[in-house]
Colleague: 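What follows is a single structure, and I will ask about it in a moment.
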Amino acid sequence: MVHRTGPASPHESAPANGPVRTCVGCRDRALAGELLRVVKSGGELALDLRRSLPGRGAWVHPDLGCLSKAERRRAFARSLRASGELDTGRLQAQLEALVHRTTGTGSSRAGLDERKQVDPS
């Protein structure tokens with residue numbers, strides 16, 4: 001039996017502290033704390049921010065690009081074992097609000113170029 005101390009391939013990361021999940025959009029593996037849990041609520045998808053809602057969950061990065069990839073691949077229906085199409089409108093609105101809340105409306109340096117420069121001499 002072979003015992004490895006490091007990653008077996010260059011694509012594997014070192015052992016993580018905590019559970020590792022796979023994003024259904026980009027298929028990258030990440031710590032569960034870095035991903036958002038998505039559940040089926042009725043016929044719609046919704047974010048499970050507390051990770052406590054019942055049922056199967058799918059995991060996605062908090063990135064609109066990963067969401068669009070997952071929609072194109074129909075990954076939510078497959079990972080949640082749902083038959084038919086799932087409405088992603090509510091999920092997209094929740095994710096946009098979350099991304100907007102964490103990144104703000106614009107650059108953190110907004111307004112610095114518009115201020116008058118005063119010569120201290």
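Side chains are part of it too, since the values below use all heavy atoms of this structure and drop only hydrogens, waters and symmetry mates. Since this is a predicted model, take the numbers as computed values, not measurements.
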Colleague: Under 3.5 Å, sequence neighbours excluded: what are the donor-acceptor pairs made by side chains of residues 50-58?
Modeller:
unit_1 : atom_1 : unit_2 : atom_2 : d
R51    : NH1    : A32    : O      : 3.4
R51    : NH2    : A32    : O      : 2.7
R51    : NH2    : L35    : O      : 2.6
R56    : NE     : S79    : O      : 3.3

Colleague: Given side chains that start at C-beta, do those of T22 and D28 come closer than 4.5 Å, heavy atoms only?
Modeller: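 Not touching, per the 4.5 Å side-chain cut-off.
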Colleague: Applying salt bridge (Lys or Arg N to Asp or Glu O under 4.0 Å), can you list everything that pairs with R21, at least two apart in sequence or on another chain?
Modeller: none
Colleague: Q92: which residues meet the side-chain hydrogen bond (donor to acceptor under 3.5 Å, both in side chains) condition with it, sequence neighbours left out?
Modeller: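 Q92: side-chain hydrogen bond (donor to acceptor under 3.5 Å, both in side chains) contacts with E96.
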Colleague: Quick check: do V38 and V24 have side-chain heavy atoms less than 4.5 Å from each other?
Modeller: no
Colleague: Using a cut-off of 6.0 Å, state whether more than 12 heavy atoms not belonging to R78 lie near its atom CZ.
Modeller: yes
Colleague: Just how far is it from atom NZ of K40 to atom CG of L45, taken to the nearest 0.5 Å?
Modeller: 9.0 Å
Colleague: Under 3.5 Å, which donor-acceptor pairs link side chains of residues 59-69 to any protein atom two or more places apart or in another chain?
Modeller:
unit_1 : atom_1 : unit_2 : atom_2 : d
D63    : OD1    : G65    : N      : 3.4
S68    : OG     : G65    : O      : 2.9

Colleague: Report all side-chain donor-acceptor pairs from residues 80-90 shorter than 3.5 Å, counting only partners two or more places apart or in another chain.
Modeller:
unit_1 : atom_1 : unit_2 : atom_2 : d
D87    : OD1    : G89    : N      : 3.1
T88    : OG1    : E71    : OE2    : 2.8
R90    : NH1    : E44    : OE1    : 3.4

Colleague: Going from OG on S41 to CG on L47, what distance comes out if it is rounded to the nearest 0.5 angstrom?
Modeller: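 Between S41 OG and L47 CG, I get 11.5 Å after rounding to 0.5 Å.
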